[in-house]
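Read through the structure below, which is laid out as structure tokens, and then see the notes.
Chain letters run A, B, ... following the sequence lines, proteins first, then strands; residues in each count from 1.
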Amino acid sequence: MNIFEEYLNKILNKIKLASEEKLILLPESLSGINVDIPPKKFKCDLSTNVAMVLSKTNNEPPIKIAEKLKDIIFKDDNNIEKIEIANPGFINIILKKEFWTSFLLNINNLNNFGASLNGSKKKHLIEFVSANPTGPLHVGHCRGAILGDVISNLLKFNNQEVVKEYYVNDHGNQILHFTRSVYLRIKEKLDNQTFPQNEDDLYPGEYIKDIAQHIIDNNKDLQFDDYEKIKLTLTKLAITESLKLIKTNLNNLGIIHDNFASETEIVENKEVDKVIDKLKKDKFVYIGKIKAPEGEDTTNWVERDQLLFRSTDFGDDKDRALKKSDNTWTYFAGDVAYHNTKLNRNFDKLINILGADHAGYIKRITSVVEALSGEKNKLICKVSQLVKLIKDGKPFKMSKRKGDYITVEDLISEVGKDATRFIMLSRSNDAELDFDFTKVKEKSKDNPLYYVQYCYARISSVFRNINKNIDDKIDNENKNMQFNNEEIEIFKKISEWPKCVEISTKKLEPHRIPVYLYELSSQFHSYWNMGKDDVEKRFINDDKTINIEKLIFLKSIAKTIKTGMDIIGVDTPEKM
RNA sequence: GCGCUCUUAGCUCAGCUGGAUAGAGCAACGGUUUUCUAAACCGUAGGUCGAAGGUUCGAAUCCUUCAGAGCGCGCCA
């Protein structure tokens, strides 16, 4: 029920026919033609720019073409009340009131109103979060986590297949430092050894102590005297513990991954060697040198021969290292192998959600996926920009050294899951986001989340008062419904919902959904208050009954809000 | 030095893959509750869309240049 799409198709068909009959000429591409939501000041329902697009090819002014097309396209359309032509050549359509009645009846019977189901079902792999398993998640991880989760929801809503995956970087130096930190905390607990204060590489956070304690408690038979002996076992135990923390954090955010892929496993299965061989065969890999970046302190830079991937072939600014000087694989090499395993699993589309600090990584990883698959745009990377934390009006810097992170746990307990999700989503992922801790906490009533939830709660209260359930089926045999102008304005807003979903999905930009829900709620709240002066606009009659029109009106709004809130993963309480 | 992202009202941001007179919220000021939830509503005020060129019938949106902010630039992940 995307009326914009339906009218666009109608227009395209009609002008194609007209061109066959030599009534008009068509340009090579019709892609510029669209059917839009007209600005409010033009009192119409749909508008199209088709005349302007055809003007040049036909060598006639848009207004003249519009006059011509008006008959060609809309002559036999009995949903239309009136067509107006406006400068510089828009065709503005006003639909009959009855159209909106049938529109409402139609969407009332749909389970997934707004979903675009024309596209074929594709298999998507979306990788997100993938934070190092060295401790709980902090606020910085949150935004990308929510973005990835909601993009998955969006795709699923549109009947796409989605696998949500977390890549566990359980291999490499960070993990060694992490394991040693845990070990030292164990020694602190068991043998009163002092934890070193001045080693930058170690993890100082309090949670390491908890992990240490858990490991001691659950492994009574283990000996912790010789670090080298116990290192491997301890690494596994420590990673399991921190993954537990991470999974709890994600759960509290309402996020559940389908799959956790381990870097260690990939390395141990020789996946890296295999994929590098494959790349060598195709001459994407060679031994060469990397130049130091200009304008940086490069006193310690030693140019050396290295195994490199030819990412410059794909537009990167330098080729990328696959092996470190100690002959072990770089992080990139492991990730190349990981992405190769994604390709082996036959996904149609790969999506990665990255933090802003990893944006420089996009070019090389998309390059390697292109090299391996021979397909451009197989992998799409979305970046979630930085969240600027503000506390008491001042920017708050988190420091790893002091271990003073604001964790996901802090955030959820202070602000709540729903508010966190809603706020993190309501801005474009490409733009930085100010997250004012004190403000969100103190002024929680100004939070846009409550505004939308309140809308749903108000509708629920009506249903409660008349002893009906919001999910009850409505018998809509009566086709002679009468709606007032304000109600029809809201139907128009509802008719925009599929367009909102479509563009959010196409661009993988879910921030449009909270924005839409806010706007719809605003129109509803406005209508609600009209009931104070105008009895006609109250929902419940004096005898505690409700008219079918009002019932179906309320239900369509509640349903749209619920659908949207489900996609962004936020609750819709019936009482507030 | 190079790359990516951002710059729209005092503040925080939308602006639908180029459309009509650029929109919200907050803050400010003035109103609305005997009536279905006032966590709401109505009104007033607030703009050279960072700057300059270009493409186009038409630019906040696309291109170029410049300025400012953020992130990043081998053996960290």
Side-chain angles (χ1 to χ4, degrees), chain A residues 4 31-32 34 36-42 47 49 52 55-56 61-62 86-90 92 130-132 134 169 171-175 263 289-296 301-304 306 308 316-321 323-328 330-332 334-335 355-363 383 385-386 388 426-428 430-434 436 439 443-448 450-451 453-455 457-458 460-462 464-466 496 499-500 502-504 506-507 511-512 515-516 518-519 522 525-533 535 538-541 546 575-576:
Chain A
F4 300 93
S31 64
N34 46 40
D36 276 318
I37 304 158
K40 272 198 195 109
K41 52 212 160 201
F42 300 94
S47 84
N49 63 349
M52 275 120 84
S55 159
K56 202 171 188 181
N87 277 322
F90 288 100
N92 291 337
S130 298
N132 284 344
T134 52
N169 305 132
H171 187 86
N173 287 328
Q174 302 271 5
I175 292 297
E263 182 181 4
K289 292 183 171 71
I290 294 184
K291 281 205 179 107
E294 281 177 48
E296 274 218 343
W301 190 279
V302 184
E303 236 180 58
R304 50 181 309 116
Q306 269 178 307
L308 299 176
D316 203 355
D317 35 304
K318 56 178 83 169
D319 290 333
R320 302 295 173 174
K323 263 195 180 176
K324 305 180 199 167
S325 55
D326 65 0
N327 215 32
T328 58
T330 59
Y331 170 79
F332 177 54
D335 208 20
D357 51 341
H358 290 82
Y361 191 76
I362 294 176
K363 200 71 211 176
V383 173
Q385 280 296 334
L386 224 68
K388 271 192 288 184
S426 54
R427 312 238 177 294
S428 156
D430 274 334
E432 289 184 6
L433 173 96
D434 278 11
D436 192 325
K439 222 174 165 181
K443 302 190 156 189
S444 61
K445 292 187 180 172
D446 289 336
N447 194 315
Y450 298 112
Y451 190 82
Q453 286 184 328
Y454 190 46
C455 173
R458 273 181 153 175
S460 300
S461 86
V462 174
R464 225 177 9 252
N465 278 311
I466 53 169
E496 293 170 17
K499 209 174 163 86
C500 172
E502 184 193 357
I503 188 129
S504 300
K506 203 177 269 179
K507 296 185 137 191
H511 72 278
R512 292 154 209 280
V515 172
Y516 172 88
Y518 189 91
E519 288 167 357
S522 166
H525 286 310
S526 189
Y527 185 90
W528 180 280
N529 279 272
M530 284 179 197
K532 286 179 178 163
D533 301 322
V535 187
R538 286 181 210 159
F539 298 107
I540 302 174
N541 303 324
I546 186 167
K575 263 188 193 173
M576 284 174 76

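- Using a cutoff of 4.0 Å between basic side-chain nitrogens and carboxylate oxygens, A:E432 and A:K388 are scored as salt-bridged.
- Here the separation of B:C13 from B:U8, taken at their C1' atoms, is 9 Å to the nearest Å.
- Here the closest heavy-atom approach between residue A:Q306 and residue A:I290 is recorded as OE1-CD1, 4.0 Å.
- Taking atom C1' in both B:U35 and B:C41, the straight-line distance is 15 Å, to the nearest Å.
- B:A60 and B:A14 have their C1' atoms separated by 12 Å, with the value rounded to a whole Å.
- Between the C1' atoms of B:G19 and B:U56, the separation comes to 12 Å (whole Å).
- One can place CD1 of A:I466 at 15 Å from P of B:C36, the figure rounded to the nearest angstrom.
- A:Y331 places a side-chain heavy atom less than 4.5 Å from the side chain of A:Y361.
- Of the residues near RNA chain B, A:I37 and A:D430, the one whose nearest nucleotide (by heavy atom distance) lies more toward the 5' end is A:D430.
- Annotated stems with RNA chain B as a participant read B:1-7 with B:67-73, B:10-13 with B:23-26, B:28-32 with B:40-44, B:50-54 with B:62-66, given as range with range, by first number; only runs of 3 or more Watson-Crick or G-U pairs under 3.5 Å qualify.
- Across B:G19, B:A39, B:C16, the shortest atom-to-atom separation from the side chain of A:F90 is found for B:G19.
- Lacking a ring centre under 5.5 Å from that of the base six-membered ring together with a plane angle below 30°, A:Y451 does not count as stacked on B:A39.
- Taking atom CD of residue A:E519 and atom C1' of nucleotide B:G15, one finds them 9 Å apart after rounding to whole Å.
- Comparing B:A77, B:G74, B:G23 by their nearest atom to the side chain of A:N169 picks out B:A77.
- You'll find that the side chain of A:N465 is closest to B:U37, out of B:G19, B:U37, B:A77.
- Here the C1' atom of nucleotide B:C11 and the CZ atom of A:R427 are 11 Å apart, to the nearest Å.
- You'll find a donor-acceptor pair under 3.5 Å spanning the side chain of A:H358 and the base of B:A77, going by distance alone.
- Look at A:Y361 and the base of B:G72; the rings do not stack under the cut-offs of 5.5 Å between centres and 30° between planes.
- For A:Q385, taking side-chain heavy atoms from C-beta onward, the closest of the listed nucleotides B:C42, B:U5, B:G23 is B:U5.
- Among all heavy-atom pairs drawn from A:P62 and A:G89, the shortest one is CB-CA, 4.0 Å.
- Where A:S47 and A:I503 each meet RNA chain B at their nearest nucleotide, the meeting point lying more 5' is that of A:I503.
- Using a 4.0 Å heavy-atom cutoff across all strands shown, A:D357 reaches sugar-phosphate atoms only and no base atom.
- When atom types are taken as modelled, the side chain of A:S47 and the backbone of A:F90 share no donor-acceptor pair closer than 3.5 angstrom.
- Between the P atom of B:A20 and the CG atom of A:N34 lies a distance of 12 Å, rounded to the nearest Å.
- When the nucleotides B:C75, B:A20, B:C42 are ranked by their closest atom to the side chain of A:A86, B:A20 comes out on top.
- In this structure, B:U33 is classed as syn because its glycosidic torsion stays within 90° of zero.
- Of the possible donor and acceptor atoms, none in the side chain of A:N34 sits under 3.5 Å from a partner among the backbone N and O of A:N49.
- Under the 3.5 Å distance criterion, the side-chain polar atoms of A:N327 are left unmatched by any main-chain donor or acceptor of A:K323.
- The residue A:E303 sits close to a base: some heavy atom pair falls under 4.0 Å.
- A heavy-atom distance below 4.5 Å is found between the side chains of A:D36 and A:K499.
- Between the A:H525 side chain and the A:Y454 main chain, no donor and acceptor come within less than 3.5 Å of each other.
- Comparing B:A39, B:G1, B:G19 against the side chain of A:P293 picks out B:G1 as the nearest.
- Across the protein-nucleic acid pair, A:K40 atom NZ and B:C16 atom P stand 15 Å apart, rounded to whole Å.
- Nucleotides B:G46 and B:A9 are separated by 15 Å at their P atoms, to the nearest Å.
- Contacts of A:R304 with the nucleic acid, taken as non-hydrogen atoms under 4.0 Å apart, include base atoms.
- Going from atom CD of A:Q174 over to atom P of B:C75 covers 12 Å, rounded to whole Å.
- Base engagement by A:P39 is indicated by at least one non-hydrogen atom pair under 4.0 Å involving a base atom.
- Counting any heavy atom pair closer than 4.0 Å across all strands shown, A:K56 reaches sugar-phosphate atoms only and no base atom.
- Between A:F539 atom CZ and B:U37 atom C1' there is a gap of 12 Å when expressed in whole angstrom units.
- Distances shown here put every side-chain N or O of A:K41 at or beyond 4.0 Å from the OP1 or OP2 atom of B:U21.
- With both ends at atom P, the span from B:C6 to B:G18 equals 16 Å, rounded to whole Å.
- Listed pair A:K318 / B:G1 fails the phosphate criterion, with no side-chain N or O lying under 4.0 Å from OP1 or OP2.
- Centre separation under 5.5 Å together with a plane angle under 30° does not hold for the ring of A:W528 and the six-membered base ring of B:A40, so they are not marked as stacked.
- Residues A:F4 and A:E496 form a side-chain contact, since some pair of their non-hydrogen atoms from C-beta on lies under 4.5 Å apart.
- A gap of 12 Å separates the C1' atoms of B:A22 and B:A59, to the nearest Å.
- Side-chain contact check for A:D430 and A:S428: no donor-acceptor pair (N or O, by modelled atom type) lies under 3.5 Å.
- For A:N92 against B:A20, a side-chain N or O and a base N or O form a donor-acceptor pair under 3.5 Å.
- Between B:C41, B:A77, B:G1, one nucleotide has an atom nearer to the side chain of A:E294 than all others, and that is B:G1.
- Minimum atom distance to the side chain of A:E432 is reached by B:G70, of the listed B:G74, B:G70, B:A77.
- The side chain of A:D317 lies closest to B:G3 when the candidates are B:C36, B:G3, B:U37.
- As rounded to whole Å, 15 Å separates atom C1' of B:C75 from atom NZ of A:K289.
- Relative to the side chain of A:M52, the nucleotides B:U37, B:C57, B:U12 differ in distance, and B:C57 lies closest.
- Remark: the separation of the C1' atoms in B:A40 and B:G50 is 38 Å, to the nearest Å.
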